[in-house]
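The first residue in the sequence is number 1, and the count goes up from there.
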Amino acid sequence: MNSIEEYFDFLSNVPDIKKEDISESIAKIFDVESKENTISNWLSFLLDSNRYKDDGPLKALLGLFLEANQFEETDTDTVIVSREYTLLNRRRVDLLIETDDLIIGIENKIFSSIHNDQLNDYYDKLRIQHEKNDRDRKIMTVLLAPSWSEDVIQTRMKDVKQIVVTYEELANAFAEIPQKNIEYRNYFILNEFVKYVNDYIREGAMELNNEWAVFNSKHSAELTEIVKNGEQQLEILSNKIEKTLNDVGNKIFTSSEQQMDNFHVYKKVTSKAFYFQLFHTTWEKYKIHYEIGAGDYESRGFILPAILHLLIDVEDKETRTMMNSNPDVFTDFKHIQIHNRIKEFIIDYSSQEAFNATFQNIENELYNWHKSNKDALLNVIPSIKV
């Protein structure tokens with residue numbers, strides 16, 4: 001695509017985004033759907049009858065494989081559930097369940113794969129580790145993974161001695177547990193795990209929108225070009241903001257007598273953050289700085305922000321208290337907070353001249369604001385030299 005008209009024509013064919021009105025699981029709320037360690041912690045709580053105050057979830061899990069492995073129902077009155085159980089070779093089992101007659105190592109895999117013959121190695125090391133004192137306890141190793149996982153398919157095909165439990169099977173077993181005497185809070189946590197599996201893990205839960213799938217496949221080259229161009233333009237914008245802060249820093253903080261820079265600029269441009277900070281060298285102990293950030297202070301990847309905020313940040317609570325003890329410190333702010341917005345700027349991308357003018361306005365605003373308020377800073381915090 002070589003012209004803006006071609007971009008507009010391309011964007012006119014982008015499919016509509018259809019949002020489903022569904023409640024979100026706690027895993028979705030805290031953005032941990034694919035974090036195996038967090039999900040293992042969740043399971044550890046559910047399966048530990050001492051913590052969960054009921055052995056329903058543990059019995060539901062064991063019921064999926066004990067009978068098939070010629071083992072009668074085990075006594076769950078005495079149970080120890082361990083996370084990251086360390087073996088003799090320093091490898092760690094995600095979950096270890098111990099009863100009076102069972103030792104069960106569980107390897108939890110959501111998107112990662114098993115490697116280096118993990119399950120057999122875990123079985124051998126558990127057997128060696130416990131054979132002296134636990135000759136009568138049966139040792140089992142279990143792979144817990146989604147049904148669509150290649151590890152599930154391969155493990156079931158090649159090694160019958162290793163046990164496979166799918167997330168879907170476990171969720172179905174959990175869903176059948178009656179509430180009975182289970183504390184409501186704990187029953188809620190159990191049901192949320194079932195919802196997590198149904199909404200995120202179960203095959204088909206993350207199906208592609210067909211219209212979007214066709215569009216993305218057909219226009220992969222154009223989409224790649226848009227991302228690449230966006231990243232290049234974002235770098236230009238980033239350099240422009242950094243230069244603006246350095247230019248104004250030279251005007252307000254550099255000693256004309258000694259030609260010494262008394263400031264530095266810090267920037268954070270990542271997939272999650274987009275902001276730039278201007279520090280006077282003696283301000284840092286008070287955690288005060290000027291800042292330019294995107295409209296919501298967050299990054300949007302390769303997408304350029306439409307709005308920039310110019311702020312003075314006061315991150316130290318004691319400093320804010322000191323400033324707020326004098327209500328006339330800054331006439332612009334009745335109450336000093338962490339982020340104190342000086343002005344908002346809409347970036348004009350319509351031409352190079354308009355773009356440059358936006359940043360000249362930002363530089364002028366910061367210079368004039370500092371000039372008007374530096375005495376107020378000195379009055380509140382005498383040790384700050386501005």
Side-chain angles (χ1 to χ4, degrees), residues 232-270 272-299 304-320 322-323 329-333 336-349 352-386:
Q232 290 174 345
Q233 296 305 308
L234 193 66
E235 184 177 3
I236 292 172
L237 176 63
S238 171
N239 292 338
K240 187 69 174 178
I241 297 173
E242 187 174 12
K243 182 179 185 303
T244 298
L245 286 180
N246 274 298
D247 287 347
V248 74
N250 272 314
K251 290 180 180 178
I252 64 178
F253 289 142
T254 298
S255 167
S256 57
E257 294 83 12
Q258 301 177 1
Q259 286 299 306
M260 208 172 116
D261 291 343
N262 292 319
F263 71 94
H264 69 271
V265 174
Y266 171 81
K267 69 176 181 179
K268 189 163 187 178
V269 180
T270 68
K272 293 186 177 181
F274 187 87
Y275 59 83
F276 302 75
Q277 298 170 335
L278 173 63
F279 292 86
H280 185 277
T281 52
T282 58
W283 286 19
E284 290 191 67
K285 66 181 282 190
Y286 298 98
K287 296 185 179 178
I288 300 176
H289 57 264
Y290 290 120
E291 181 167 308
I292 296 176
D296 52 8
Y297 311 107
E298 294 183 356
S299 169
L304 276 66
I307 295 173
L308 290 177
H309 289 158
L310 174 62
L311 321 161
I312 181 167
D313 274 9
V314 185
E315 295 178 348
D316 182 66
K317 184 177 180 181
E318 186 177 342
T319 303
R320 291 198 301 274
M322 192 185 307
M323 288 181 167
V329 174
F330 300 129
T331 56
D332 293 351
F333 310 120
I336 300 299
Q337 305 175 61
I338 295 178
H339 294 150
N340 305 279
R341 188 183 304 174
I342 297 171
K343 193 170 182 179
E344 177 182 282
F345 295 86
I346 297 175
I347 310 175
D348 190 342
Y349 293 108
Q352 189 64 52
E353 292 75 16
F355 180 72
N356 290 335
T358 299
F359 286 91
Q360 186 60 58
N361 290 338
I362 293 174
E363 182 177 333
N364 292 341
E365 182 69 29
L366 180 51
Y367 175 82
N368 291 329
W369 194 92
H370 180 84
K371 185 177 179 181
S372 299
N373 291 277
K374 65 178 182 179
D375 290 338
L377 271 173
L378 284 169
N379 289 335
V380 176
I381 310 174
S383 59
I384 292 185
K385 306 297 182 184
V386 288

> What distance do L308 atom CG and T358 atom OG1 have between them, rounded to the nearest 0.5 Å?
Replying inline: 8.5 Å
>> Any side-chain to backbone donor/acceptor pair from N368 onto N364? Under 3.5 Å, distance only.
In response: yes
>> Please determine whether side chain to side chain contact (heavy atoms under 4.5 Å, CB included) holds for the pair L237 and F355, giving the CA-CA distance in whole Å, both sets of side-chain angles, and the decisive distance to 0.1 Å.
In response: CA-CA 10 Å; L237 176 63; F355 180 72; 3.9 Å; yes
>> Checking the side chain of N340 only, and the main-chain atoms of I312 only, is there a donor and an acceptor separated by less than 3.5 Å?
In response: yes
>> Please enumerate all residues that pass side-chain contact (heavy atoms from CB on, under 4.5 Å) together with I338, with sequence neighbours excluded.
In response: E315, R320
> How long is the span from the CZ atom in F263 to the CG atom in L278, to the nearest 0.5 Å?
Replying inline: 7.0 Å
>> According to salt bridge (Lys or Arg N to Asp or Glu O under 4.0 Å), does anything in residues 233-252 pair up with another residue at least two apart or in another chain? List the pairs.
In response: E242-K267, K243-D247, K251-E363
> What are the two closest non-hydrogen atoms of P305 and I347, and how far apart are they?
Replying inline: O-CD1, 3.5 Å
> Taking atom types as modelled, is there a side-chain donor on H370 or Y290 under 3.5 Å from an acceptor on the other?
Replying inline: yes
> Can you name the residues that form a ring-ring contact (aromatic ring centres under 6.0 Å, His included) with F279, not counting sequence neighbours?
Replying inline: H264, H289
>> side chain to side chain contact (heavy atoms under 4.5 Å, CB included) for I292 and H309? Distances and angles first, verdict last.
In response: CA-CA 6 Å; I292 296 176; H309 289 158; over 6 Å; no
> Atom CD1 of I336 and atom CG of D313: how far apart are they, to the nearest 0.5 Å?
Replying inline: 11.0 Å
>> A quick test of your reading: do over 12 heavy atoms of other residues, nucleotides or ligands sit less than 6.0 Å from OH of Y349?
In response: yes
> Could you go step by step and tell me if V314 and M323 meet the side chain to side chain contact (heavy atoms under 4.5 Å, CB included) rule?
Replying inline: CA-CA 10 Å; V314 185; M323 288 181 167; 4.1 Å; yes
>> Just verifying a value: how many Å separate E291 CD and L245 CG, rounded to the nearest 0.5 Å?
In response: 9.5 Å
> Taking atom CD1 of I241 and atom CZ of F276, what is their separation to the nearest 0.5 Å?
Replying inline: 4.0 Å
>> Looking at every non-hydrogen atom in both residues, tell me the closest pair between R341 and F333 and how far apart they are.
In response: O-CE2, 3.2 Å
>> With rounding to the nearest 0.5 angstrom, report the CG to CD distance, L311 to E344.
In response: 10.5 Å
>> Ring centres under 6.0 Å, that's the criterion: do F253 and H280 meet it?
In response: yes
> Is atom CG of L304 surrounded by more than 12 heavy atoms (other residues, nucleotides or ligands) closer than 6.0 Å?
Replying inline: yes
>> Restricting to non-hydrogen atoms, name the atom on L310 and the atom on I362 that form the minimum distance, rounded to 0.1 Å.
In response: CD2-O, 4.3 Å
>> Is a donor from one side chain sitting under 3.5 angstrom from an acceptor on the other, for Q352 and N356?
In response: yes
